[in-house]
Amino acid sequence: MKKLINKAEDVVREELEGIELAHPDLVKVSYDPAYIVRADAPIKGKVGLVSGGGSGHEPMHGGFVGKGMLDAACPGAVFTSPTPDQMLEATKAVDGGAGVLHIVKNYTGDIMNFEMAADLARGEGIEVESVVVDDDVAVKDSTWTAGRRGVGLTVLMEKIVGAAAEEGRSLKECADLARKVNGQGRSMGMALTSCTVPHVGKPSFDLPEDEMEIGIGIHGEPGRTRMKVEPADKVTEMLLTPVVEDLPFKAGDEVLLFVNSMGGTPLIELYIIYRKAVHMLKEKGIKVTRHLIGPYITSLEMAGTSITLLKLDEDLTKLWDAPVKTAGMRWGI
Amino acid sequence: MKKLINKAEDVVREELEGIELAHPDLVKVSYDPAYIVRADAPIKGKVGLVSGGGSGHEPMHGGFVGKGMLDAACPGAVFTSPTPDQMLEATKAVDGGAGVLHIVKNYTGDIMNFEMAADLARGEGIEVESVVVDDDVAVKDSTWTAGRRGVGLTVLMEKIVGAAAEEGRSLKECADLARKVNGQGRSMGMALTSCTVPHVGKPSFDLPEDEMEIGIGIHGEPGRTRMKVEPADKVTEMLLTPVVEDLPFKAGDEVLLFVNSMGGTPLIELYIIYRKAVHMLKEKGIKVTRHLIGPYITSLEMAGTSITLLKLDEDLTKLWDAPVKTAGMRWGI
Amino acid sequence: MAISRDDVVTWIKNYAQVINENNEMLTDLDREIGDADHGANMNRGFKAVMTKLPASEDKDIGTVLKSVAMTLLSTVGGAGGPLYSTIFMEAGKVIGPKMEIGLADWYTALQAAATGVANRGKALPNDKTMLDALYPAVDALKRAVDENLPIPEALQVSAEAAHAGMLATIPLVAHKGRASYLGERSAGHQDPGATSTFLLLDTAAKAWADC
Amino acid sequence: MAISRDDVVTWIKNYAQVINENNEMLTDLDREIGDADHGANMNRGFKAVMTKLPASEDKDIGTVLKSVAMTLLSTVGGAGGPLYSTIFMEAGKVIGPKMEIGLADWYTALQAAATGVANRGKALPNDKTMLDALYPAVDALKRAVDENLPIPEALQVSAEAAHAGMLATIPLVAHKGRASYLGERSAGHQDPGATSTFLLLDTAAKAWADC
Ligand SMILES: Nc1ncnc2c1ncn2[C@@H]1O[C@H](COP(=O)(O)OP(=O)(O)O)[C@@H](O)[C@H]1O
Ligand SMILES: Nc1ncnc2c1ncn2[C@@H]1O[C@H](COP(=O)(O)OP(=O)(O)O)[C@@H](O)[C@H]1O
Ligand SMILES: [Mg+2]
Ligand SMILES: [Mg+2]
Ligand SMILES: [Mg+2]
Ligand SMILES: [Mg+2]
């Protein structure tokens, strides 16, 4: 394992120290329990947005705390859901009287921990709503499984709902908006290499030098199929086709196209994929009107990519364009 | 070699296609010769800023074309200096009558090609000044070598001089400012892994599983020394100490601290390094008043980091804070 | 005979040790069909338990168990955190302020724990989860209570039942938790949570062999 | 005897072929002390030359050489691009609109090329660059001209001199180009540019063996 870290058990704490030192204008950091909260929280009368999940997906979620996006993020151990006490304290710290929305990625651990936190927060008199993101079409969704995973769409949801909360929408409106985003967005990812969880010290899975894994999750969970590495254009097809067909996205749709790096895949390759994806969508009559390209929801140093499509309308587009000022996403201010 | 590309010889062209599709609001793309130019170029009365270099360092330089930064960037083949015809056409495309500044990283190839381009442009009646960046303290600077390489400081120079050009400073003022930045900034980098140039197909160097290379360049050139991998704090010391001592940076200095990923090193590790660097600087009485953290000048998928320090004053700080709107760096607009 | 408060404390301490020793094994199982952290998660939690236990180890059994539950809840995370926390919390609630318990108490406590886990995680038998080790152990204890077995023997059969349940997860296709993403590919692998649950009951059987 | 325009064209075409065959070898040399692209750069350039050559191959020698220079300038990049472009440009300028040249012309052309490379790159002898193959070849040609050697023999000795010069770069510490970053570590490796320059002169000797 080659990493620029000190002791494996100190990784998350030391990362938080770096974030605290770098962004005092944006965030405050609590260490016990661990959460990152907007420097100006709580904001009176504004719905508080809280998310969280295992660490190792940076900049998500801590890098998305700030004006126009999240009010707080709870980092778990690497790839491990955070705990209810973190979520409870974060919820209390951002409650400005208008209630708090939990954005929860659909993993058993995240669901259960956030559920317990929401119960505890309600017990303390805070109005809490939860929205679950489950956009990963690589996973079969049925009552017989834990359902689809929450992946790339989480980033877009946090931006869009963050803008809505910022402009003063109510808790119910924010929750409905988040569910609408979840209903209109789909993702799929792949990996060229595995990643290594620091405290584990060996790769989460083995991938031979000439193979790739299609339908990978963001925690090094194995994907749908393993096959020989294909050219970028072919890989783009393998990811985008199931994404388009699942919703389905249709001719005339306007979409946001998000090409994400799993961490180790450089920008030069993302643009090659973006190019092919736009060509494919154009052929289907789907118009890319907004985009996001870069490492936004990562799996440590894993090489690979994921593609997320979100169907836009006027409201979503306006909220996407609204100013945002966080460590990981910034425009308009 | 595992990459999300199609044919190795198409990598740069397909990347340009992706950039053109993604950022029509920011840039126009020319393919033959290849350059990326601001959508609104040439801007009458504004000094034009042109840089360029081998591809594979994304987002640099193409991702820094836009308001408040570069007017044009010339992408060479991966890790290979671009050619004079590209630079000449880019220079012509951005000349708004106030002259054009070439920002050139100190590599023999870049220097010679930009020299020839400047001669050709002057022959066509365009006023051209060139500034060479050579901030890499890993390399001995003497008349007996090609001198220090241009690395991380390039990004900061492009931002700062870009802001100066945007606010209407003259060619001479911009060139002097660039030289001042070069005089006040120093960098050093290291690698945990090599990278693979697409058309070469094998790693640029071999680095055993338990070793790292200190003083690496941004093209997979070997560094100063190779040694066993050390903890992040130790690595930070090995990079930052020579940087501080070279200028030298002194107690009371206000600095911009730039912790860069060579591509494959994720953000979580950069924050750990940033944290240690701030601690070290604090101990020396040096105050970090601005920062940049992320993959801004990369070597394809190489894992590793570089640290750049730039001594700030009021003018440099103001120019750093000025609005910038490019694909790779954006704030204030 | 009976299981004293000190016996309960010993069981917890021994389990922390067992988890530490089996950290890698549990993580390896989780690598096959999950995200390679179950051992690390449990070990982080039970290390914290070892630090915090002294503050409550002179209290009654219910208090001891609930304090373990709270520690696990705030240190384990993932799916394992809430579920193991639930086991100790529900058992602690049922046992309450007793200083020693008999076999029937232990059975009722474990049954409440299993119900709690089922409510929290909504898994059914044969979904390839820790419940597949827990349920058989509870059933075995029930029979042992009915048959009036001595405590050591009863614990032995419950641990054996958990062991069989654990092994029985191997051919199953997962329907809950991270392993369910794998669909058919999850078959052929032993569930990590069922494994740590067997270890929990096995540690009890060994710790309370003289009760 | 003399070197005709067609001989020059043959030389260039053969060199394109030689570069293609030695692409990997040159890149491997550059991997040791540079950035692993010298072969790829040269090959990209000479592939472009092969495409563009037909447009000028019926012109005079100076025009042919200058057109090669322009193609290399806009396709090779790196340090090699301007330097190899300079070789062909300066040689073309000196030769001018001739349809055939003698040994003295070739010597003057190569000497102008070497001076051009030195002006452009500011390297000195023994800086471990292509000049360390070029200078000895020029010197050998000078002697051959003085001694009135037949063209094939003269070219043979100049190629041999380039070869010796190339090998002599091995122990040198680089003072110019990317290899200079390595300091002492650059010693023990053969310079890639000196190698491609030897190949250039060697290809001439072989292409013009009957002149
Ligand atoms: N819904 C559920 N009900 C009961 N047990 C579950 C459920 N989901 C997961 N588990 C158990 O949790 C174990 C995984 O725990 P762990 O690896 O710590 O958490 P995570 O899956 O979040 O990484 C599984 O092996 C399984 O036994
Ligand atoms: N200043 C210089 N003068 C003469 N030749 C040089 C100089 N710098 C580099 N070279 C030659 O260029 C060769 C490297 O060319 P190449 O790999 O194509 O370019 P780059 O170094 O830009 O990658 C070196 O082996 C050396 O022979
Ligand atoms: Mg986990
Ligand atoms: Mg090069
Ligand atoms: Mg797990
Ligand atoms: Mg080279």
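Values below: every heavy atom of this structure, side chains too, minus hydrogens, waters and symmetry copies. Bear in mind that the values here come from a model prediction, so they are computed numbers and not experimental data.
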(Q) For the residue pair B/H199 / D/R44, report whether a side-chain donor-acceptor contact shorter than 3.5 Å exists. (A) no
Between the CG atom in D/L72 and the OG1 atom in B/T83, the distance rounded to the nearest 0.5 Å is 11.0 Å
To the nearest 0.5 Å, atom NZ of D/K122 lies from atom CE of B/M112 at 9.0 Å
Which heavy-atom pair separates [X] from [Y] by the least distance, and what is that distance?
X: B/F79; Y: D/R178; value: O-NH2, 4.3 Å
X: B/A146; Y: D/Y181; value: CB-CE2, 4.5 Å
X: B/T108; Y: D/A79; value: CG2-CB, 4.1 Å
X: B/P84; Y: D/L73; value: CD-O, 3.4 Å

Most heavy-atom pairs under 4.5 angstrom with chain B, which of [options]?
options: D/G78, D/A36, D/A174; answer: D/G78
options: D/S85, D/G81, D/P82, D/G80; answer: D/P82
options: D/G39, D/G121, D/G177; answer: D/G177
options: D/E32, D/R120, D/E24; answer: D/R120

Counting only non-hydrogen atoms closer than 4.5 Å, does [X] touch chain B with its backbone (N, CA, C, O), its side chain (CB onward), both, or neither?
X: D/N41; value: side chain
X: D/V76; value: backbone
X: D/D28; value: side chain
X: D/T27; value: side chain

Exactly one candidate in B/T80, B/V197, B/V78 meets side chain to side chain contact (heavy atoms under 4.5 Å, CB included) with D/D37; the answer is B/T80
Ignoring hydrogens and angles, tell me if any N or O in the side chain of D/R31 forms a donor-acceptor pair with the backbone of B/P203 under 3.5 Å.
yes
Got a sec: does the [atom1] of [X] have more than 12 other heavy atoms crowding it under 6.0 Å?
X: D/K98; atom1: NZ; answer: yes
X: D/M70; atom1: CE; answer: no
X: D/K47; atom1: NZ; answer: no
X: B/K28; atom1: NZ; answer: yes

Honestly, the part of B/T225 sitting under 4.5 Å from a heavy atom of chain D is backbone
Under 4.5 Å to a heavy atom of chain D? For B/N106 that would be backbone
Using a cut-off of under 4.5 Å on heavy-atom pairs, state which of [options] scores highest against chain D.
options: B/N113, B/V200, B/D136, B/V139; result: B/N113
options: B/E9, B/Q86, B/R149; result: B/R149
options: B/M116, B/H219, B/R148; result: B/M116

